[in-house]
Amino acid sequence: MTHTIAAQKLFLYNTLSRKKELFEPLNPPHVGMYVCGPTVYGDAHLGHARPAITFDLVYRYLTHLGYKVRYVRNITDVGHLENDADEGEDKIARKARLESLEPMEIVHYYTERYHHNVAQLNVLSPSIEPHASGHIIEQIAMVDKILKAGFAYEVNGSVYFDVEKYHRQHHYGILSGRKIEDLISNTRDLAGQSEKRSGLDFAIWKKAEPAHIMRWPSPWGDGFPGWHMECSAMGCKYLGTEFDIHGGGMDLLFPHHESEIAQSTVANGKAPVRYWMHNNMITLNGQKMGKSLGNAMSLDDFFAGNHPLLERAYGPMTIRFFILQAQYRSTLDFSNEALQAAEKGMKKLLVATETLKKLQPTPNVPDLGVSNIETACYEAMNDDFNSPVAIASLFEAVRVINSVNDGHAQINAAELSQLTALMQAFVFDIMGLLPEEAGSDHNLIDGLMQTIILLRQDARARKDYATSDLIRDRLKEAGIELKDGKEGTSWSQL
RNA sequence: GGUCUCGUGGCCGAGUGGUUAGGCAGCGGUCUGCAAAACCGUGUACAGCGGUUCGAAUCCGCUCGAGACCUCCA
């Protein structure tokens with residue numbers, strides 16, 4: 001078999017080194033992967049689909065190669081402040097206040113909606129999905145460790161990480177490439193309002209004001225953990241003090257991931273992550289799509305076509321394919337034209353997988369080059385998950401399938417089974433595309449259609465084209481397309 | 001202002017020293033009663049200017065343009 005760990009050398013781009021590196025897990029065949037999940041205070045938008053699908057692809061491909069992946073994707077439900085400089089209101093708490101709900105009602109509601117959306121995108125469920133609010137004890141323990149190590153200080157019930165002290169012994173900026181001198185000079189002056197010794201410092205535990213609902217007792221009084229703490233604490237709990245892959249959006253690179261490294265390094269005595277992976281943003285008219293920018297398009301709106309910029313609705317698989325047609329480290333600009341092109345291309349690919357099932361092998365015919373296509377698919381994926389190049393190769397396979405189906409080429413039995421396995425692996429298992437839902441009443445419709453087709457056949461035999469065209473046109477209006485092929489007429493839903 | 005990334009044909013999007021990316025759209029052909037689908041063929045693409053090189057979209061420099069991060073964001 002070609003798709004084994006031993007046979008494939010996987011290179012991935014490590015943000016830490018800014019280079020593509022050979023992937024060598026700490027404890028093969030096990031792989032630990034942590035990905036920053038959503039803060040559940042609002043509906044998931046197109047931007048959330050990017051990391052969900054990107055790391056779903058990583059998860060699926062690693063699994064395909066034979067790795068045993070423990071995939072942890074968290075739910076942020078506490079500590080993520082609205083404005084910050086570590087001064088704003090908690091995002092969840094704010095939403096709860098605005099809607100007069102318990103914070104956990106907000107969390108539950110949006111978590112379920114997130115789950116529903118990513119399931120629509122055929123994103124596999126992670127191995128573990130920890131909530132920040134369920135790991136307060138672990139976070140307190142970590143804050144305590146950092147304090148004891150001397151890299152944090154308590155002020156008035158809050159605990160802050162001392163970035164400058166950390167930087168004297170380690171390297172703050174190792175991930176983002178930032179220079180601490182620049183950071184110091186660029187940090188907003190808080191005009192002495194802050195308890196922090198330096199604007200660079202960040203809260204790892206925050207005192208809860210009396211009105212603050214989301215609060216837990218701690219050695220420093222009632223409060224809540226700082227946002228960066230959760231990933232450090234939960235990553236460590238489920239994947240160990242050092243694990244293989246940490247993923248997330250590029251916008252989390254600084255300060256979130258940089259601070260995670262600092263916290264974990266101090267608490268555990270070593271850098272937590274070997275390979276950092278960051279997906280790029282989805283843009284709208286060239287500008288990043290983001291909640292705070294007010295240009296986010298929710299996934300529900302997308303699937304329903306309810307947005308002024310949408311010419312019509314797009315299915316979840318169209319969005320998945322659209323995202324996979326760009327390499328995850330490139331920005332991807334939204335447009336109706338691009339989405340419609342993606343939709344057509346995907347349909348062509350999926351139809352070919354159906355056509356493939358009907359192909360018959362021919363004895364003693366030369367190879368059509370399926371092995372080359374297979375090799376190209378693996379090489380693309382091994383090159384930092386280059387899904388667009390892999391998809392380009394799959395279209396080569398589509399050409400082969402259709403040529404055989406049209407009788408322009410013949411395929412031998414060995415290649416036919418190789419091709420079948422290849423398409424199953426890459427289209428469905430790795431890319432995670434789903435065939436169009438046939439619907440539970442497909443058999444009923446097919447029965448009706450066969451009758452209609454028979455009647456139309458009769459009309460055509462009599463050269464009564466007015467009738468045959470009327471049938472075809474009316475069906476098209478109803479969403480069913482007829483195609484007259486050599487071996488009779490077939491139908492498909494538009 | 002600082003740090004960084006990017007600018008590829010009508011649209012999207014790979015490639016990163018010499019060799020076809022691919023999809024969508026367009027054009028021509030085959031097939032078809034006509035279509036659709038499919039197949040075959042078809043595009044003086046690499047922001048501009050200069051440099052390195054036998055050779056640059058690919059390396060270097062400058063110019064212009066766009067974006068990201070530096071504050072919450074996937």
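Reminder, nothing fancy here: chain letters follow the sequence lines and each chain counts from 1. Keep in mind that the numbers below use all heavy atoms, side chains included, and drop hydrogens, waters and symmetry copies. As the structure is a prediction and not an experimental result, all values here were calculated from the model.
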Peer 1: Kindly write out the residues that satisfy side-chain hydrogen bond (donor to acceptor under 3.5 Å, both in side chains) with A:S393, not counting sequence neighbours, or none if the list is empty.
Peer 2: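 A:S393: no side-chain hydrogen bond (donor to acceptor under 3.5 Å, both in side chains) contacts found.
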
Peer 1: Would you mind reading off the distance between A:Y172 atom OH and B:U3 atom P, rounded to a whole angstrom?
Peer 2: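 One finds 18 Å between P of B:U3 and OH of A:Y172, rounded.
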
Peer 1: Are any of A:R399's side-chain N or O atoms less than 4.0 Å away from OP1 or OP2 of B:C40?
Peer 2: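 For A:R399, the contact criterion (side-chain N or O under 4.0 Å from OP1 or OP2 of B:C40) is met.
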
Peer 1: Classify the nucleic acid contact of A:N402 as base, sugar-phosphate or nothing, counting any heavy atom under 4.0 Å across all strands shown.
Peer 2: sugar-phosphate

Peer 1: Heavy atoms only, 4.0 Å cut-off, all strands: where does A:T331 land among base, sugar-phosphate and nothing?
Peer 2: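 If one applies the 4.0 Å heavy-atom cut-off, A:T331 turns out to touch the sugar-phosphate alone, with no base involved.
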
Peer 1: What nucleic acid atoms does A:L394 come within less than 4.0 Å of, heavy atoms only: base, sugar-phosphate, or nothing?
Peer 2: nothing

Peer 1: What nucleotide among B:C70, B:A35, B:A21 has an atom nearest to a side-chain atom of A:L183?
Peer 2: B:C70

Peer 1: Answer yes or no: are there more than 12 heavy-atom neighbours, outside A:H108 itself, under 6.0 Å from its atom NE2?
Peer 2: no

Peer 1: Consider the side chain of A:R178, meaning its heavy atoms from C-beta on, and name the nucleotide among B:G33, B:C39, B:G2 that approaches it most closely.
Peer 2: B:G2

Peer 1: Reckon A:Q327 touches a base, only the sugar-phosphate, or nothing at all at heavy-atom distances under 4.0 Å?
Peer 2: sugar-phosphate

Peer 1: The side chain of A:K348 lies closest to which of these nucleotides: B:A14, B:G23, B:C11?
Peer 2: B:G23

Peer 1: Start at the 5' end of RNA chain B and walk down; is the nucleotide closest to A:D469 or to A:Q325 reached first?
Peer 2: A:Q325

Peer 1: Using distance alone, with no hydrogens and no angle criterion, decide if A:D464 and A:T467 have a side-chain donor and acceptor under 3.5 Å apart.
Peer 2: yes

Peer 1: Tell me whether A:Y465 and B:G33 count as stacked here, given that the ring centres must be under 5.5 Å apart and the planes must differ by less than 30 degrees.
Peer 2: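 Base of B:G33: stacked against A:Y465.
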
Peer 1: Want to settle it: does A:M281 or A:S176 sit nearer the 5' end of RNA chain B, counting the closest nucleotide to each?
Peer 2: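 The 5'-side residue here is A:S176.
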
Peer 1: Heavy atoms only, 4.0 Å cut-off, all strands: where does A:L253 land among base, sugar-phosphate and nothing?
Peer 2: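 No contact.
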
Peer 1: Are any of A:K344's side-chain N or O atoms less than 4.0 Å away from OP1 or OP2 of B:A25?
Peer 2: yes

Peer 1: Determine the contact category for A:N279: base if any of its heavy atoms lies under 4.0 Å from a base atom, sugar-phosphate if only primed atoms, P, OP1 or OP2 are that close, otherwise nothing.
Peer 2: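 Base, at least one base atom sits under 4.0 Å.
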
Peer 1: Is A:R462 salt-bridged to A:D458, going by a charged N under 4.0 Å from an acidic O?
Peer 2: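 Salt bridge: yes.
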
Peer 1: Quickly work out the A:D406 CG to B:C39 P distance and round it to whole Å.
Peer 2: 7 Å

Peer 1: I need the CG-P distance between A:D473 and B:A36, as an integer number of Å.
Peer 2: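 Going from A:D473 (CG) to B:A36 (P), I get 12 Å.
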
Peer 1: Side chain of A:R18, base of B:C4: donor and acceptor closer than 3.5 Å?
Peer 2: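 Side chain to base: no pair below 3.5 Å.
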
Peer 1: Rounding to an integer number of Å, can you tell me how far A:R329 CZ sits from B:C4 C1'?
Peer 2: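 One finds 14 Å between C1' of B:C4 and CZ of A:R329, rounded.
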
Peer 1: Looking across every strand, which nucleic acid part, if any, lies under 4.0 Å from A:T355 by heavy atom: base, sugar-phosphate, or nothing?
Peer 2: nothing

Peer 1: Rounded to whole angstroms, how far apart are CG on A:D333 and C1' on B:G23?
Peer 2: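 Nearest whole value for this atom pair: 17 Å.
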
Peer 1: Would you classify A:N405 as touching base, sugar-phosphate or nothing, given that sugar-phosphate means primed atoms plus P, OP1 and OP2, and contacts are heavy atoms under 4.0 Å?
Peer 2: nothing

Peer 1: State yes or no: are the ring centers of A:H307 and A:F302 separated by less than 6.0 Å?
Peer 2: no

Peer 1: Measuring from the side chain of A:A341 (C-beta onward, heavy atoms only), which nucleotide among B:C24, B:C73, B:C69 has the closest atom?
Peer 2: B:C24

Peer 1: Considering every strand and a 4.0 Å limit on heavy-atom distances, what is the contact class for A:A392: base, sugar-phosphate, or nothing?
Peer 2: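 Counting heavy atoms under 4.0 Å across all strands, the contact made by A:A392 includes a base.
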
Peer 1: Whole Å only: how far is the CG atom of A:N372 from the C1' atom of B:A21?
Peer 2: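 Result: 15 Å.
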
Peer 1: Rounded to the Å, how far apart are A:F55 CZ and B:A74 C1'?
Peer 2: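 From A:F55 CZ to B:A74 C1': 10 Å.
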
Peer 1: Of the options B:A74, B:A38, B:G15, whose atoms approach the side-chain atoms of A:N386 most closely?
Peer 2: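 Nearest to the side-chain atoms of A:N386, counting from C-beta on, is B:G15.
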
Peer 1: Applying the Watson-Crick and G-U wobble criteria at under 3.5 Å, what pairs with B:G33? Answer none if nothing qualifies.
Peer 2: none

Peer 1: Checking all strands, does A:I391 fall into the base, sugar-phosphate, or nothing category for heavy-atom contacts under 4.0 angstrom?
Peer 2: nothing

Peer 1: Across the strands shown, which category fits A:K288 at heavy-atom distances under 4.0 angstrom: base, sugar-phosphate, nothing?
Peer 2: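 Base contact - A:K288 has a heavy atom under 4.0 Å of at least one base atom.
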
Peer 1: Which nucleotide sits closest to the side chain of A:D182: B:G33, B:G2, B:A14?
Peer 2: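 Of the candidates, B:G2 comes closest.
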
Peer 1: Measure CD1/A:I53 against P/B:A74 and give the value in whole Å, please.
Peer 2: 15 Å

Peer 1: Between B:A14, B:G23, B:C39, spot the one nearest the side chain of A:F395, thanks.
Peer 2: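 Looking only at heavy atoms from C-beta outward on A:F395, the closest nucleotide is B:G23.
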
Peer 1: Regarding A:D77 and A:Y110, is there a side-chain donor-to-acceptor distance under 3.5 Å anywhere?
Peer 2: no

Peer 1: Taking the six-membered ring of A:Y328 as reference, does the NZ or CZ atom of A:R50 fall below 6.0 Å from its centre and within a 45° cone about the axis?
Peer 2: no

